[in-house]
2 protein chains.
Amino acid sequence: MSGIGRSRGQYRQLWAVNMSNEIETMEQASRRGIDMGGLPSFVGYTLRRAQLVIFDDFIRTLDEVGLKPASFSVLIILGSNPGLNQSEVSAALGIQRTNFVALVDSLEQRGLAERRPSESDRRSHALHLTPAGRKLLARAMTLQQEHEARFTDRLGPGGREQLLTLLEKLLPTE
Amino acid sequence: MSGIGRSRGQYRQLWAVNMSNEIETMEQASRRGIDMGGLPSFVGYTLRRAQLVIFDDFIRTLDEVGLKPASFSVLIILGSNPGLNQSEVSAALGIQRTNFVALVDSLEQRGLAERRPSESDRRSHALHLTPAGRKLLARAMTLQQEHEARFTDRLGPGGREQLLTLLEKLLPTE
DNA sequence: TATAATTGTTATATTGAATCATTAAACATT
DNA sequence: AATGTTTAATGATTCAATATAACAATTATA
């Protein structure tokens, strides 16, 4: 589903960080005698690199079901919270409601979700998964778990939990 | 230097992940009774959120010296490896040569770096920092360390090293 | 009731990043 | 020396994610 084309390597760069195939890896750079300066010791830099690696795999993984991280996350929210309106879902996910419109359009056109008229507020739409949406979500969750396992393996026993704990400390406590 | 404008929140979203001010935080979402599904337990999701938080702070931090992550990293490489050509620097950082051109243009126009004719290969330019570039880099490094400290504090003793170790396990061993 | 705020929407701008083509120099092979 | 191939730098263009502004309909509030 959904051609690879641009989706490959889409999230690859940002902090001028390499990480794949044709692009030289940092290790290769050092081996060629390039001094990376303090870069690899910056938490932000390494965090970014790791995130790109994971997303690269994740995006390829989701490609089978024609989803991207954003649309996948929407399905997840709708699956657990049927009936929310667009503002609620987009706010929970940090998507601006203005950009959320096209996202829902797409899900609706694919028959994965639907906008139902809200009973309490004629301005808003109650969002629901369709049966097809629920089915696709289930498949996507399986793929996600396989993806997750690939990286969990690398972290060793307890590594995943340790990592999550540390990462959460970086998040705003609010 | 360099107006805030767009630079604020530029790296904020992607995986449809909120994290700041006006945008509802995940915690707020849960409090409103929204079930985030498995999302917070996905390493990729939490990694992405943490990365956005750090970058948000990092970008604001660098704003004082008019740098962005990419240009900052270029200065670092040039500082430690004077004389490299554009292909070498861009490859080490994972920036495509083609997009690297404008980056160097900008640094050159700001008088921070310069292209010198390579002595061995008339096709390529030897990149060097100017004295102004070295000075700005020094200041930027100080800012980076302050930024780093803000997050290191949150991680507790040994947390930073632990986190770096775990993250490196996620990177391609090549 | 008058005013303000909210919901969904369209249109538009910005930016990071990828793609394609071109030029000139360097290199390799006959 | 002539040829073809690779490499360095560049420009032009495209694409996708995200941000901003404005608007109509509706609801909430002073």
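In what follows, every chain begins at residue 1, and chains take the letters A, B, ... in the order their sequences are listed.
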Mapping H125(A) and S120(B) onto DNA chain C by nearest heavy atom, which one lands closer to the 5' end?
H125(A)
With DNA chain D as reference, determine whether R97(A) or D121(A) sits nearer its 5' end, using the nearest nucleotide of each.
R97(A)
Starting at atom [atom1] of [X], determine the distance to atom [atom2] of [N], rounded to an integer number of angstrom.
X       : N       : atom1 : atom2 : value
L84(B)  : dA8(D)  : CG    : P     : 12 Å
F55(B)  : dT15(C) : CZ    : C1'   : 15 Å
I95(B)  : dA8(D)  : CD1   : C1'   : 16 Å
F100(A) : dT20(D) : CZ    : P     : 19 Å
I59(A)  : dA18(C) : CD1   : C1'   : 14 Å
Q96(B)  : dT19(C) : CD    : C1'   : 8 Å
R48(A)  : dG16(C) : CZ    : P     : 12 Å
L127(A) : dT9(C)  : CG    : P     : 9 Å

Distance criterion of 3.5 Å, no angle test: do you see the side chain of [X] paired donor-to-acceptor with the base of [N]?
X       : N       : answer
N85(B)  : dA9(D)  : no
N99(A)  : dA19(D) : yes
R123(B) : dT7(D)  : yes

L166(B), T165(B), L163(B) screened by side chain to side chain contact (heavy atoms under 4.5 Å, CB included) with Q162(A), the one that passes:
L166(B)
Would you tell me if any nitrogen or oxygen in the side chain of [X] comes within less than 4.0 Å of OP1 or OP2 on [N]?
X       : N       : value
Q86(A)  : dT7(C)  : no
T98(B)  : dA9(D)  : no
K68(A)  : dA16(D) : no
R115(A) : dT9(C)  : yes

Using a 3.5 Å distance criterion without hydrogens, assess whether the side chain of S71(B) forms a donor-acceptor pair with backbone atoms of L67(B).
no
Hey, what do you get for CG (L107(A)) to CG (L78(A)), rounding to the nearest 0.5 Å?
7.5 Å
So OH of Y45(A) and CZ of F55(B): to nearest 0.5 Å the spacing works out to 10.0 Å
What I want to check is whether the side chains of D57(B) and H147(B) have a donor and an acceptor closer together than 3.5 Å.
yes
By the 4.0 Å heavy-atom rule, please label R122(A) as base, sugar-phosphate, or nothing.
sugar-phosphate
